[in-house]
Amino acid sequence: MRSIMKNSSNKCLSFQKHLVVILQAFKLFVISAIFTDAIIKAAQSVPFIPQDAITIDCGSSRNNTAFDLRSWSGDVNSSFFPIQGRNEASFASAVVWSYTLEEDPVPYGTARLSHSEFTYTIPVSTPGPKFIRFHFYSDVYQYFDPSKAVFSVKVGRFTLLSNFSVFLSAHARGRKGIVKEFYVPIEKSIVNITFTPESSVSEAFVLINGIEVVSTPADLYFRDYNDGKHGHVLVGQDSFYYLENDTSLETMYRINIGGKEVTPAEDTGIFRRWERDNIYLTIPGQSLVAANFISPHKFTAIPDYIAPVSVYETARTMGNDKQMNKKYNLTWEFPVDSGFYYMLRLHFCEILAEINNTGDRCFLIFISNETAEQEADVIYWSGGKYVPYFRDYVIAMFGQNGENILNLSLALEANPDDSLTMYSDAILNGAEIFKLNNSGGSLAGPDSDLSPQVPQPTEQHVMQKHGRTTITVTFSGKDFGVLFLFIICLLILRACCKVRKMKNLSGSSEETICRDLFHSRTPVSKQSAGVSSLPSDLCRNFSLAEIPAATNNFEDNSIGVGGFGHEYKGKINGGVTMVAVKRLKPRSSQGVQRVQDRDQMNLATSYADCREEANEPSRVGPFLSSREKT
Ligand SMILES: *[C@@H]1O[C@H](CO)[C@@H](O)[C@H](O)[C@H]1NC(C)=O
Ligand SMILES: *[C@@H]1O[C@H](CO)[C@@H](O)[C@H](O)[C@H]1NC(C)=O
Ligand SMILES: *[C@@H]1O[C@H](CO)[C@@H](O)[C@H](O)[C@H]1NC(C)=O
Ligand SMILES: *[C@@H]1O[C@H](CO)[C@@H](O)[C@H](O)[C@H]1NC(C)=O
Ligand SMILES: *[C@@H]1O[C@H](CO)[C@@H](O)[C@H](O)[C@H]1NC(C)=O
Ligand SMILES: *[C@@H]1O[C@H](CO)[C@@H](O)[C@H](O)[C@H]1NC(C)=O
Ligand SMILES: *[C@@H]1O[C@H](CO)[C@@H](O)[C@H](O)[C@H]1NC(C)=O
């Protein structure tokens, strides 16, 4: 009897090993599939190569490659993390249910945890401003209660985070993986990052999954006023604001207006992520998305590392109806913490064929209802068509009534005076919003992540009617290849699971892994992991053609962004059933295309979520990958 049990548990182990091998083989395959793309990208030299681009995979004992091919160094026994003194108190751990990771396992699959303070010591080649990014993944690690991950983070004189709860931040965003980005002037050739558990929370601990330190050009966000440059326009006050390199910034928002998400690997070499603007657009009016991917963009007015070309290739304009344009302000709103100054950088590039000269399109810009520009004229500023340009503004956000969260609004108004402009219209290509540290050197406020999300407007993504370019969605042959192999992999895995199921009736852990792999989301709680409550008759097969049909070709109905791509609203069963469709990001190597059940929207449900009990042939949802082409 005993020997039979032992035998069975050996089999379990060997099954787990097989699963891991297959998964890793799949990861390798996908990496090689996207490798060609990456090589091509790397060959197109990036505008800036940082001297320091340090990536630390916390809690890992070896060097790992992420899906975007960036290499991350494990911190166990590394020089970043001298094992001495108080640092011994911290230790490495992996996410308990690592097969259900919603994010890249590098760096999100492993973490460093500690009930007491510890410090990373990271040598850099030169002093100067650096991006410091923290990656957190809110999940179960050993016996730790995820809600107790509350701590502060300090770098030199600056408090970057204070009483920061990974769990609450992740919860507010509806995803487990979060990134906090800071821009910190570093005075020495060393960066000391100190993590301290929050003393006011019992059993608080520090949780950190990944750290990046990336150097940037010194003039990326700071100006050298010795050159006779004037300060930033201080909006709403008749003065300038001198933003100097004694101040740290926290990135609040970075938006590619009218365009797609730009991933860190597609940035100018400094690994910034640019989001889409949809969810922040509160008064879209008749606005149009303008795009011009063809004309060569000439960086004659600003350095080419300021923002990637893809930011300047797309924009939002007010519309083609002159009278309508005068009736509304094209408005975005961004929730921010009150009690701080904010720096806004607006990116412009004139990309419309009909606009050729100064005076053709002259408009107004308001920031928080204060006039920031009375005569915004992109061609006048930049010196020509297709020439990228940016303007910086600083605004004080101090609430009148003690609110913790304020809306920072950005509004464009068509010029009401026809004699001042040929076209009654406005244009914006990109925006970045940074919080500036207060006089005490702190960036920590009541966490604006915890505010309710800006509600989604009913927006029409109308393409520029007379535009020269339209965005088309195509499926390349290689994507189909990846799809095909992925399906084969999953079929093999499912077959394995079935065999296991028959052999093992006791419901042991590897069966759970098996299920986790095929079921969409796993609850944070360990006990309920892998238990799906979906009725098996909801399982359904979809053809590749059905998905674009159900979602109107992914137009007009994005309902959110997840770890692997955008989610779209769609209808199936002849329009009777509402579904959510997740579309993988271009080159995203992970993830099964799946429809998720969203209770709050009364949606049904998950076609890749078939259970073994369904007693049907294995079914896997179509795996769509698409890219936007010129
Ligand atoms: C990881 O890479 C770093 C350099 O990037 C190297 O110094 C270190 O020895 C590597 N560690 C391991 C375990 O291979
Ligand atoms: C700030 O800039 C000045 C010159 O513009 C430079 O000498 C100094 O080292 C810089 N400080 C930091 C922290 O980058
Ligand atoms: C930290 O935040 C928690 C809520 O997340 C709050 O209850 C607690 O009072 C805060 N502690 C301090 C010192 O602000
Ligand atoms: C700008 O130039 C294009 C062709 O180069 C022309 O079709 C268009 O009418 C011009 N627009 C104005 C306002 O002159
Ligand atoms: C646009 O916003 C400004 C500032 O809030 C306001 O004065 C102006 O009337 C608005 N214009 C329109 C057309 O709503
Ligand atoms: C911000 O604006 C949104 C939409 O206009 C609104 O729902 C929300 O209550 C505002 N938040 C604050 C703090 O004013
Ligand atoms: C940011 O903090 C530093 C260090 O405390 C301080 O010298 C600087 O003036 C602060 N910046 C602002 C804008 O208050």
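In this chain, numbering begins with 1 at the start of the sequence shown. All ligand and atom numbering here is 1-based and tracks the order in the structure.
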If the cut-off is 4.0 Å to any non-hydrogen atom of E413, which atoms of ligand 5 fall inside it? 8 (C), 10 (C), 11 (N), 12 (C), 13 (C)

Do any nitrogen or oxygen atoms of N245 lie less than 3.5 angstrom from nitrogen or oxygen atoms of ligand 2? yes

Atom 4 (C) of ligand 5 sits nearest the protein heavy atom F366 CD2, 3.6 Å

Distance-only N or O hit between ligand 5 and N369, under 3.5 Å: yes

Can you list everything that forms a side-chain contact (heavy atoms from CB on, under 4.5 Å) with D224? Sequence neighbours excluded, please. N226, D227

Which ligand 2 atoms, with their elements, are less than 4.0 angstrom from a heavy-atom of E187? 13 (C)

Would atom 14 (O) of ligand 2 count as contacted, meaning some protein heavy atom under 4.0 Å? yes

Distance under 6.0 Å and angle within 45° of the ring axis: does R70 meet both against F271? yes

Salt bridge between E103 and K176, side-chain N to carboxylate O under 4.0 Å? no

Going by heavy atoms, is K326 under 4.0 Å from ligand 5? yes

Tell me, please: is S200 in heavy-atom contact with ligand 3, that is, under 4.0 Å? yes

Using only heavy-atom distances, determine whether the side chains of Y328 and Q286 contain a donor-acceptor pair under 3.5 Å. no

Protein heavy-atom partner closest to atom 2 (O) of ligand 5 - residue, atom, separation in Å: N329 ND2, 2.2 Å

Protein heavy atoms near atom 11 (N) of ligand 5, is at least one of them under 4.0 angstrom away? yes

Tell me whether R361 forms a cation-pi arrangement with Y423, defined as NZ or CZ under 6.0 Å from the six-membered ring centre and within 45 degrees of its axis. no

Contacts table for residues 184-201: side-chain donor-acceptor under 3.5 angstrom, sequence neighbours left out:
from, atom 1, to, atom 2, distance (Å)
E187, OE2, R157, NH2, 3.2
N192, OD1, T121, OG1, 3.4
T194, OG1, T119, OG1, 3.1
T196, OG1, E117, OE1, 3.1
E198, OE2, S200, N, 3.4
E198, OE2, S200, OG, 2.8

Salt-bridge present (R133, E181; N to O < 4.0 Å): yes

